[in-house]
Enquirer: 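A single structure is presented below for examination.
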2 protein chains.
Amino acid sequence: MKDTEINTRIHILDEATPLFAAQGYNGVSMRDLSKAVGISAAALYHHFSDKRTLYLEVMKHSFVDKATAFARSVTNAGTAIEQLEDFIKGFTLMVNKDQNFRALVMWELLDGDEARLKLVAEEVLLEPFKMVYALIQDIDPEADHYMLTISSIWLVLSHSTTAPICQYLPGWETSYSNPSVISAHVIQLLKNNINPAVGVANERVPKK
Amino acid sequence: MKDTEINTRIHILDEATPLFAAQGYNGVSMRDLSKAVGISAAALYHHFSDKRTLYLEVMKHSFVDKATAFARSVTNAGTAIEQLEDFIKGFTLMVNKDQNFRALVMWELLDGDEARLKLVAEEVLLEPFKMVYALIQDIDPEADHYMLTISSIWLVLSHSTTAPICQYLPGWETSYSNPSVISAHVIQLLKNNINPAVGVANERVPKK
DNA sequence: GTCTATAGCCGGATAGAC
DNA sequence: GTCTATCCGGCTATAGAC
């Protein structure tokens with residue numbers, strides 16, 4: 001029936017997502033995937049025309065509703081600064097929680113052709129970008145919106161992604177990979193680089 | 001003779017570097033490599049015991065002397081802030097110039113096993129890390145040294161790496177991938193987050 | 001040191017039975 | 001929809017001549 005067909009399809013995508021996230025496109029074979037799903041490799045081709053298509057569907061499946069989730073994560077309550085804080089916190093939590101999502105984005109940065117880069121940009125980055133951009137513009141019309149927005153997004157992604165390598169640097173503590181520590185750090189960086197438009201003098205946010 | 005042996009070896013590494021940087025370990029076959037070098041695949045095995053070893057040697061070859069180059073790039077002249085600025089500028093330039101180096105580092109973050117992560121951390125990241133860390137500590141003993149240092153390094157790498165995807169975001173201009181624009185942005189972020197220890201009030205750096 | 005030839009395995013994808 | 005069987009090409013790595 002239609003139901004089982006759809007369910008198998010989604011089951012395949014669910015199994016494929018962590019595999020592709022961990023090993024990348026070239027690192028996962030259809031045979032690997034068939035073992036994980038529990039059906040033969042040939043059966044996979046009943047649901048997806050080829051490996052490349054399957055991979056693209058994995059990305060879409062992983063990214064879908066992320067944009068709307070971002071949008072929802074901003075309550076329209078509070079000042080623009082508070083909204084910005086809330087969003088960075090939510091975004092960091094999400095990025096930390098959904099490791100597959102984060103890894104897939106990173107793989108695309110290295111591996112993706114033009115079409116896939118565009119998909120990631122529009123399906124994933126666009127919404128958080130517009131959100132942070134608008135809030136920074138609201139708070140300080142004279143700030144360097146573009147660079148600050150990009151920096152915030154990559155800082156969240158970087159700090160969440162690079163813990164495995166940072167542990168080899170002197171002074172590393174496990175708390176540095178804690179989402180709340182990361183978001184607090186990024187928020188502080190941002191706050192110290194935007195001036196409230198309402199004429200309040202720039203105040204340095206205390207470190208502790 | 002010993003000379004030709006060494007030269008071929010280095011020739012192989014030179015040809016392999018851009019290939020692995022562009023396609024990653026799994027994306028490059030020994031046949032691809034043999035074509036690029038101009039010898040048979042079998043001959044490669046005379047110089048390297050297997051593909052994995054060859055790849056590791058590519059990384060070492062690409063990373064060697066980077067650490068000392070970092071060290072040299074800081075003149076011990078000027079204030080700590082000036083030294084920090086000089087270093088960020090030099091680091092950004094280097095990262096932009098040597099695209100293979102940058103790509104190899106990024107691949108390792110996703111793909112690397114423990115041993116390779118350690119290699120990247122110690123051969124590549126350690127020296128710039130220690131350098132920035134010490135300078136920030138010198139300028140503001142109370143700053144959040146660890147997070148600020150990591151942020152600076154990843155910001156430089158991120159802004160340099162992600163231009164291909166950022167062009168799909170609204171408001172993108174090619175100048176945003178310009179090394180001097182990137183380093184100026186990172187320096188400004190840093191300056192606004194460290195207080196000179198000498199009792200001078202924190203001053204916002206003008207955007208323009 | 002480099003070659004040709006090849007072993008042995010794994011890859012994506014298809015054919016056709018059920 | 002899923003299976004088994006299979007094609008065929010590419011992969012790493014080795015054997016052995018020169």
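So that the names make sense, note that chain A is the first sequence line, chain B the second, and so on, each numbered from 1.
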Enquirer: Name all residues meeting the side chain to side chain donor-acceptor pair (under 3.5 Å) criterion together with B/Ser40; count only those two or more places apart in sequence or in a different chain, and write none if there are none.
Expert: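 In terms of side chain to side chain donor-acceptor pair (under 3.5 Å), with neighbours along the sequence ignored, B/Ser40 is linked to no residue.
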Enquirer: Salt bridge (Lys or Arg N to Asp or Glu O under 4.0 Å) with B/Asp98: which residues, sequence neighbours excluded?
Expert: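 Per chain and number, B/Asp98 pairs via salt bridge (Lys or Arg N to Asp or Glu O under 4.0 Å) with B/Lys66.
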Enquirer: Would you give the length of the straight line joining atom OG1 of A/Thr149 to atom CG of A/Leu125, rounded to the nearest 0.5 angstrom?
Expert: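 Between atom OG1 of A/Thr149 and atom CG of A/Leu125 there are 12.0 Å.
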Enquirer: Please give, in whole Å, the distance from C/dT4 P to B/Ile39 CD1?
Expert: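 It is 12 Å, rounded to the nearest whole Å.
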Enquirer: Looking at D/dT2, I'd like to know if its phosphate oxygens (OP1 or OP2) sit under 4.0 Å from a side-chain N or O belonging to A/Ser40.
Expert: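 No, A/Ser40 has no side-chain N/O under 4.0 Å of OP1/OP2 on D/dT2.
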Enquirer: With sequence neighbours left out, what residues match B/Ala121 under side chain to side chain contact (heavy atoms under 4.5 Å, CB included)?
Expert: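 Here the qualifying residues are A/Ile165, A/Tyr168.
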Enquirer: I'd like a list of close polar pairs between nucleotides 16-18 of chain D and the protein, N/O only, cut-off under 3.5 Å.
Expert:
none

Enquirer: Provide, to the nearest angstrom, the distance between the CG atom belonging to A/Asn7 and the P atom belonging to D/dG1.
Expert: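 Distance, rounded to whole Å: 10 Å.
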Enquirer: For the pair made of CG in B/Leu54 and P in D/dC11, what is the distance, rounded to whole Å?
Expert: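 These atoms are roughly 15 Å apart.
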Enquirer: Restricting to side chain to side chain donor-acceptor pair (under 3.5 Å), what partner residues turn up for B/Ser160, sequence neighbours left out?
Expert: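 Checked B/Ser160 against side chain to side chain donor-acceptor pair (under 3.5 Å); matches are B/Asn96.
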Enquirer: For nucleotides 9-12 of chain C, give me every protein contact, N/O to N/O, under 3.5 Å, one pair per line with atom names.
Expert:
residue : atom : partner : partner atom : Å
C/dG11  : N7   : A/Arg31 : NH1          : 3.2
C/dG12  : OP1  : A/Lys51 : NZ           : 2.9
C/dG12  : OP2  : A/Met30 : N            : 2.7
C/dG12  : N7   : A/Arg31 : NH1          : 3.0
C/dG12  : O6   : A/Arg31 : NH2          : 3.2

Enquirer: Run the side chain to side chain donor-acceptor pair (under 3.5 Å) test against A/Ser183 and tell me which residues pass, sequence neighbours left out.
Expert: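 For A/Ser183 there are no side chain to side chain donor-acceptor pair (under 3.5 Å) partners, ignoring immediate neighbours.
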Enquirer: What does the inter-axis angle of the helix from C/dG1-D/dC18 to C/dC18-D/dG1 come out as, five pairs per end, nearest 10 degrees?
Expert: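 Here the helix ends are tilted 0° relative to one another.
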Enquirer: Under 3.5 Å, which donor-acceptor pairs link side chains of residues 52-59 of chain B to any protein atom two or more places apart or in another chain?
Expert:
residue : atom : partner  : partner atom : Å
B/Thr53 : OG1  : B/Ser49  : OG           : 3.2
B/Thr53 : OG1  : B/Asp50  : OD1          : 2.6
B/Tyr55 : OH   : B/Glu108 : OE2          : 2.6
B/Glu57 : OE1  : B/Arg9   : NH2          : 2.9

Enquirer: Is B/His47 close enough to C/dT2 that one of its side-chain N or O atoms is under 4.0 Å from OP1 or OP2 there?
Expert: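 Answer is yes, contact under 4.0 Å.
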Enquirer: Just N and O in the side chain of A/Thr8: are any of them under 4.0 Å from OP1 or OP2 of D/dT2?
Expert: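 The answer is yes; a side-chain N or O of A/Thr8 sits under 4.0 Å from OP1 or OP2.
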Enquirer: Not counting sequence neighbours, which residues clear side chain to side chain donor-acceptor pair (under 3.5 Å) with A/Asp14? List them please.
Expert: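 So A/Asp14 forms no side chain to side chain donor-acceptor pair (under 3.5 Å) with any residue.
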Enquirer: Side chains of B/His47 and B/Thr8 only: does a donor on one sit below 3.5 Å from an acceptor on the other?
Expert: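 Note: B/His47 and B/Thr8 side chains miss the donor-acceptor criterion.
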Enquirer: Rounded to whole angstroms, how far apart are CG on B/Leu33 and C1' on D/dC11?
Expert: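 Answer to the nearest Å: 14 Å.
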Enquirer: Strictly by salt bridge (Lys or Arg N to Asp or Glu O under 4.0 Å), give each pair with a member in residues 24-40 of chain B just once, sequence neighbours left out.
Expert: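 Output for this query is empty, none listed.
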Enquirer: How long is the line joining CZ of B/Phe48 and C1' of C/dT2, in whole Å?
Expert: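 One finds 15 Å between C1' of C/dT2 and CZ of B/Phe48, rounded.
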Enquirer: Tell me which pairs pass salt bridge (Lys or Arg N to Asp or Glu O under 4.0 Å) where either residue lies in residues 78-89 of chain B, with sequence neighbours left out.
Expert: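 Non-adjacent pairs meeting salt bridge (Lys or Arg N to Asp or Glu O under 4.0 Å): B/Glu85-B/Lys191.
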